[in-house]
Amino acid sequence: MTQILGMSLPSHWGTAPLKHVTSFLNRGSTPAYVDNGPVRAIGQAANQHTGLDWERTRFHDYQGDVTKLKARLHRDDVIINSTGTGTLGRVGYFEGDLDGIPSMADSHITVARFLSELVHPRYSYYWMRSRIFQEYIYAALTVGATNQIELNRDRLSSAPIPLPSLESQRRIADFLDAETARIDRAGEAMRRQVSALTERRIQVLDGIWPTLEVPMKRLGYGTQLVTSGSRGWADFVGDFGSLFFRSANLRRDSLQPNLTSLSYVQPPSSVAAEAARSRISKDDVLVGITGANTGWTTLADDSVKGGNVSQHVCMVRPTPGEIYGRWLAYLIASPTIQSGLIGSQYGGTKTQLSLPDIRNLRIPVVPISTQKRIAAEVDALLEILDKQRELRNRQLGVLAERRQALITAAVTGQIDISTANGRGI
C-alpha cells in the first residue's frame, strides 16, 4: 500500500520528491523597488488565499532582457510564502502577467515550476494547499523560531507529492476547480451578508442620537471621573494580583469586555492612592486612547470590577442619575463620536487621544429615563444582529473546513472524482 505523510493512497498511485518533478524550485530575488518600473514584483502580501492581489504588488527597476531574470514568473508557477508565522505556507497560483508587464517573485516567495510531463500544475497547487501538506510545512520544512521562521529550500525539495496518472491529476484539478469555486461563491455571498449586518449595526448605533434639536454639553460635566492608569503600572504586571485592564481587553463590536488575554498587577503600597484612582467600578465606560484600539468602547461589568486600567485606557465614570453608563457607551461607539475621535487623534504611526479629548466630547442632554429606554432598544436590536452575524461566521468556518477537507481528500485519492463520493469528508 502506498503512503504519503502517514496517509494511505490508492495502490496504483506513486510518489516522488518535489526535486524530481520540478524544473525550478527556488526563492525569488530582492527587487530594486521603484514607483513605476518594467517588472512587477510579487511579494507575500500580494499572495493571498483568495488569489493574487495585484494592487499589493510593486515594481522592480530592472534593466536588461527580462527573459534572463532569475526570478521571472512563468504561467502555471506555484508560489509559496516562505517567511513569518501566519504568512509562511500560503500557496498561490500564477496564471500569467497582468497588462503584459513581466512579473517576478521577491526573496520571500518560493517558486515551484513543475515538469508538465509528470505533474499537472493545478494538481500540484491543490496538493500544496491540502491540510496534510500545510501541516507538514510547519512540522518539518521550517527553520528558525517565533516570527523569524522560514521555509527551508532543501527540506522542501525533498518533500513528497502523490502521483496518480496525469489524466487523473487533470480530472482531480478540474473537479477541485469547480467545487472550490462553488464553495467560494457561497462564502462570498455569506461575507456580503456579514458586511450588511455590520452596516446595519452602525446604523443602529447612529440612531441613538436624537432626531430633534436638543441641548448639548461636554461629557466632563456629567461624569464623576475621567482618568487613565499610570505609565509605571507596567512595572508591576505579573501572573497574580488584581486584574489589569489593557487595550487588548477592549472590543470594537461589543460592550462586553474581552477576557481572553488577561493580565494582573500587584502594585506596592506606596502607590495605593494611585491604584484607588484608576480602579474600575461596574458600569464605568472604558475607551481606548492609544494605538490600534483607539476609540474602542467597553462597559465594565462584574468580570472586571475591582481591576485597574492601563495608561492606554480611559475610564469614564458617569454621575448616577445624570448619565446612564450603557447609553453613554453606545453613544461613544456611535459613528458620530467615533469620527470625531479619529479627528482628535495626534501622533505619527502611534495615534492617541488625550483625556481632555474625552472630557470635551459633546453629548446630547436627554432625561436618564430616555437614556435607559434607548439603551434597551439598542440592546434588543444588536442582540438580533449579533446572533445573525455569529451564525454567518460559523457557516463561513464550516465552508472553509469543507473546502480544505475536499482538497485533501481529492489529492490523496480518498474521494472518487467520477461520483464525488468521499470517505469521511
Side-chain angles (χ1 to χ4, degrees), residues 198-211 214-229 245-258 278 280-301 304-305 309-346 351-368 370-379 381-383 385-386:
T198 300
E199 183 62 32
R200 176 58 183 148
R201 192 180 198 279
I202 293 172
Q203 293 171 357
V204 168
L205 289 175
D206 211 26
I208 199 171
W209 287 83
T211 55
V214 297
M216 304 287 284
K217 69 177 179 183
R218 289 175 58 244
L219 174 61
Y221 288 140
T223 55
Q224 291 182 317
L225 185 68
V226 177
T227 190
S228 63
F245 194 96
R246 304 175 300 144
S247 58
N249 301 120
L250 295 164
R251 286 193 175 176
R252 179 194 291 274
D253 294 331
S254 174
L255 295 190
Q256 186 176 354
N258 177 11
S278 62
I280 302 169
S281 294
K282 184 179 180 182
D283 294 332
D284 284 348
V285 179
L286 309 175
V287 185
I289 55 174
T290 302
N293 296 1
T294 299
W296 291 19
T297 307
T298 292
L299 186 67
D301 57 19
V304 296
K305 178 182 175 182
V309 292
S310 78
Q311 70 187 76
H312 304 303
V313 177
C314 172
M315 183 176 71
V316 181
R317 182 165 298 154
T319 301
E322 188 170 340
I323 295 182
Y324 181 51
R326 197 167 192 83
W327 173 81
L328 177 62
Y330 280 139
L331 196 72
I332 295 176
S334 69
T336 300
I337 283 190
Q338 286 292 305
S339 61
L341 290 177
I342 292 171
S344 299
Q345 293 179 22
Y346 63 93
T351 56
Q352 55 188 328
L353 297 166
S354 66
L355 295 181
D357 289 331
I358 305 298
R359 293 192 190 99
N360 291 329
L361 287 174
R362 306 278 293 175
I363 65 171
V365 178
V366 294
I368 195 163
T370 302
Q371 297 176 29
K372 291 182 177 180
R373 175 181 57 78
I374 292 172
E377 291 172 354
V378 173
D379 280 342
L381 288 170
L382 294 188
E383 182 180 7
L385 294 176
D386 290 345

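We find the OH-CD1 distance between Tyr324 and Ile374 to be 12.0 Å, quoted to the nearest 0.5 Å. For the atom pair Asn258 CG and Phe245 CZ, the distance stands at 8.0 Å (nearest 0.5 Å). In this structure, CD in Glu322 is found 8.5 Å from OG1 in Thr223, a value given to the nearest 0.5 Å. Taken to the nearest 0.5 Å, the CD atom of Gln338 stands 5.5 Å off from the OG1 atom of Thr297. Residue Gln256 holds its CD atom at 6.5 Å from CG of Asp301, rounded to the nearest 0.5 Å. The OG1 atom of Thr198 sits 10.5 Å away from atom CZ of Arg252, with the distance rounded to the nearest 0.5 Å.
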Checklist entry - Does the pair Ser247 and Thr290 meet the rule for a side chain to side chain contact (heavy atoms under 4.5 Å, CB included), with working shown? => result CA-CA 8 Å; Ser247 58; Thr290 302; over 6 Å; no
Next on the checklist: Is there a side chain to side chain contact (heavy atoms under 4.5 Å, CB included) between Arg218 and Arg359? Walk through the geometry before answering.
Outcome noted: CA-CA 7 Å; Arg218 289 175 58 244; Arg359 293 192 190 99; 4.1 Å; yes
Checklist entry - Where do Ile323 and Tyr221 land on the side chain to side chain contact (heavy atoms under 4.5 Å, CB included) test, with the steps shown first? => result CA-CA 10 Å; Ile323 295 182; Tyr221 288 140; over 6 Å; no
Item to check | Worked verdict on Asp386 versus Ser254 for side chain to side chain contact (heavy atoms under 4.5 Å, CB included) | outcome: CA-CA 9 Å; Asp386 290 345; Ser254 174; 5.7 Å; no
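For the pair Lys305 and Asp284, the salt-bridge criterion is not met [side-chain N within less than 4.0 Å of a carboxylate O].
Taking the side chain as every heavy atom from C-beta outward, Leu219 and Leu328 approach each other to under 4.5 Å. Within the 4.5 Å cutoff, the side chain of Ile368 has heavy atoms near those of the Gln371 side chain. Ser281 places none of its side-chain heavy atoms less than 4.5 Å from the side chain of Met315. Side-chain contact between Leu331 and Ile363 is present, with at least one heavy-atom pair separated by less than 4.5 Å.
Residues Met216 and Pro364 approach most closely at SD-CA, 3.6 Å, considering heavy atoms. Nearest heavy atom pair, residue Tyr330 against residue Ala375, reads CE1-O, 3.9 Å. Considering every non-hydrogen atom in both Ser228 and Ser278, the closest pair reads O-CB, 4.1 Å. The two residues Ile202 and Pro335 have their closest heavy-atom pair at CG2-CG, 3.3 Å. The two residues Ala300 and Ile280 make their nearest non-hydrogen contact at CB-CG2, 3.5 Å. The two residues Ile358 and Leu353 come nearest to each other via the heavy atoms CD1-CD1, 4.3 Å.
Put simply, the side chain of Arg200 never gets that close to the backbone of Leu385: no donor and acceptor are under 3.5 Å apart. For the pair Thr319 (side chain) and Gly222 (backbone), a donor-acceptor distance under 3.5 Å is present. Judged purely by atom type and a 3.5 angstrom limit, Thr298 uses its side chain to pair as donor or acceptor with the backbone of Arg251.
Checked options Val313, Leu255, Ile332, Leu299; the residue passing with Leu286 is Val313 (criterion: side chain to side chain contact (heavy atoms under 4.5 Å, CB included)).
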